[in-house]
Amino acid sequence: MIRKIYKFGGASVKDANAVRNLKNILENENRDEIMLVISAMGKTTNAIEKALADFRNNNGHLEISALSEIIEYHENIMNDLFEDNTNHPVFETITNLFLDLYLNLQETGYDYDYQYDNTVSFGEMLSTTLISAYLNECGIKNKLIDAREYIITDHNFRSANPDWDECRLRIDKLNDSHDGSMYITQGFIASSTSPKTATTLGREGSDFTAAIFANCMDADEVTIWKDVDGLRNADPKRFPDTKKIEHLSYFEAIELAFYGASIIHPKTLKPLQNKNIPLKVRSFLNTKLQPSIIDGTNDFIEYIPSFIVKENQTLMSITTRDYSFMNEHNRALIFNIMDELNIHANMTQISALVLSICFDENEKKRLQLTEALSQTFKIKYNNGLQLFTIRHYQEGIEHDFIKDKIIFVVQKSRSTYQIVLQPKM
Ligand code: ASP
Ligand code: MG
């Protein structure tokens, strides 16, 4: 039986040495109860996005640079890992994946989101094919499992929602037939049935994949392996002097992830909470360091303030045209349309006549929302904003971050402080 899900993100498999490090970690683990969920190597998903844009701008004609970078990057890693065995069959498998990726990139006649999911999924297929073969070669026996056979979703491309019953049915069978080998599968990628097509769970969605498998398998734990020693109270790339949070509740972690703490994909925690499965965030650079642990603790934990910045926000203000109140009827109307369009409010504020909503920038969706609302409401918006959130706010602590910036909205509760602002030009 699989008891533990280990998720390795792009940074943990970004080059040949990183893959060797992964092998070293696994050598010391009880592998017959582990399933690895692996992301695309390094920045491959971004690179495929770029290749896709190039092909579409070029009507599907060969746009060599972005694609050849992807090919060269994987070939370098493969040549390095298999330098003593260049006849290994993985070379042919990977070459076929390159070819399929190329064919998919040419199909620019389709809807963008559909084509996006079909092409970006090659990142995870390449990484897992390569890593599985390498580990087998090194004596770390494993079985490569195609996540698209188990993570079944709706057709909401680029942010697909799991069909839990179908996932559970298939994952149950997988676990029942477990033969004691370590499993390796892809994060992020999924598929929908009728019609059968590739889908993805949204950027950084591999954490969510790990949580779906864990939930359906009733696993004992999920570990996310990171280049940091756990969860921190702010992004060390942006803030000086960050502190590690050793232990936190699901509740607290969901709040942090929702506001944009990028270390965990926001959808990851609910499936774990529902089965009381602890989540560990652990360093792949130094396995001796204690992980941060997120679980169902009821202990009182005195949390330190956490700072979270969500970039590329749209702030839309929606005002009634006939000066009727922004009452429950109007709000329900607006939120129902947002729900249909899959637009998620990161923050809202309501006055007598105006509803202000902050959401992730997406021009297509913004235009659809505007069109759907403009009969009844006047719409104004600003793009390129930041949503800055402080959990466990202390008076004045925001000062350094917000100084010299233009503030659009401020909201404050006992535990949370949020500001929508324009970053310095
Ligand atoms: N490879 C995907 C991405 O970069 C999924 C992930 O890394 O979690 O968004
Ligand atoms: Mg990633």
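Read the numbers this way: they start at 1 and go in the same order the structure lists the ligands and their atoms. When a residue number appears, it is its place in the shown sequence, counting from 1. Just so you know, these numbers come straight off a predicted model, no measurement behind them.
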Between F284 and F8, is the ring centre distance below 6.0 Å? no
Can a salt bridge be assigned to the pair E311 and R238 using a cut-off of 4.0 Å between side-chain N and carboxylate O? yes
In plain terms, say whether R170 and D163 are close enough for a salt bridge, that is, a side-chain N and a carboxylate O under 4.0 Å apart. no
Could you check whether atom CZ of F239 has more than 12 heavy atoms from other residues, nucleotides or ligands sitting under 6.0 Å from it?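 Counting neighbours around CZ of F239, more than 12 heavy atoms of other residues, nucleotides or ligands fall under 6.0 Å, so yes.
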Among V37, T45, N46, closest by any non-hydrogen atom to atom 2 (C) of ligand 1: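 The residue whose heavy atom sits nearest atom 2 (C) of ligand 1 is T45.
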Over all atoms of both residues, closest heavy-atom pair of R391 and T416: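 Shortest heavy-atom separation between R391 and T416 comes out as NH1-OG1, 3.0 Å.
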For ligand 1, which atoms sit closer than 4.0 Å to a heavy atom of [X]?
X: R203; answer: 3 (C), 4 (O), 9 (O)
X: F188; answer: 2 (C), 5 (C)
X: E124; answer: 1 (N), 2 (C), 5 (C)

Within less than 4.0 angstrom of ligand 1, does G205 place any heavy atom? yes
Any atom of ligand 1 sitting under 4.0 Å from a heavy atom of K43?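 False for this residue.
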Checking R366 against Y381: charged group under 6.0 Å from the ring centre and within 45 degrees of the axis?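 Judged by the rule (NZ or CZ under 6.0 Å from the ring centre, within 45° of its axis), R366 counts as positioned above Y381.
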Under 4.0 Å, heavy-atom basis, I'd like to know which part of H265 is in contact with ligand 1: side chain, backbone, both or neither.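 Answer for H265: neither.
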If we only count N/O pairs under 3.5 Å, is S206 in contact with ligand 1? yes
Say whether K7, considering both its backbone and side-chain N or O atoms, lies within less than 3.5 Å of an N or O atom on ligand 1. no
Does E361 reach the main-chain N or O of G384 with its side chain, forming a donor-acceptor pair under 3.5 Å?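 Side chain of E361 to backbone of G384: a pair is present.
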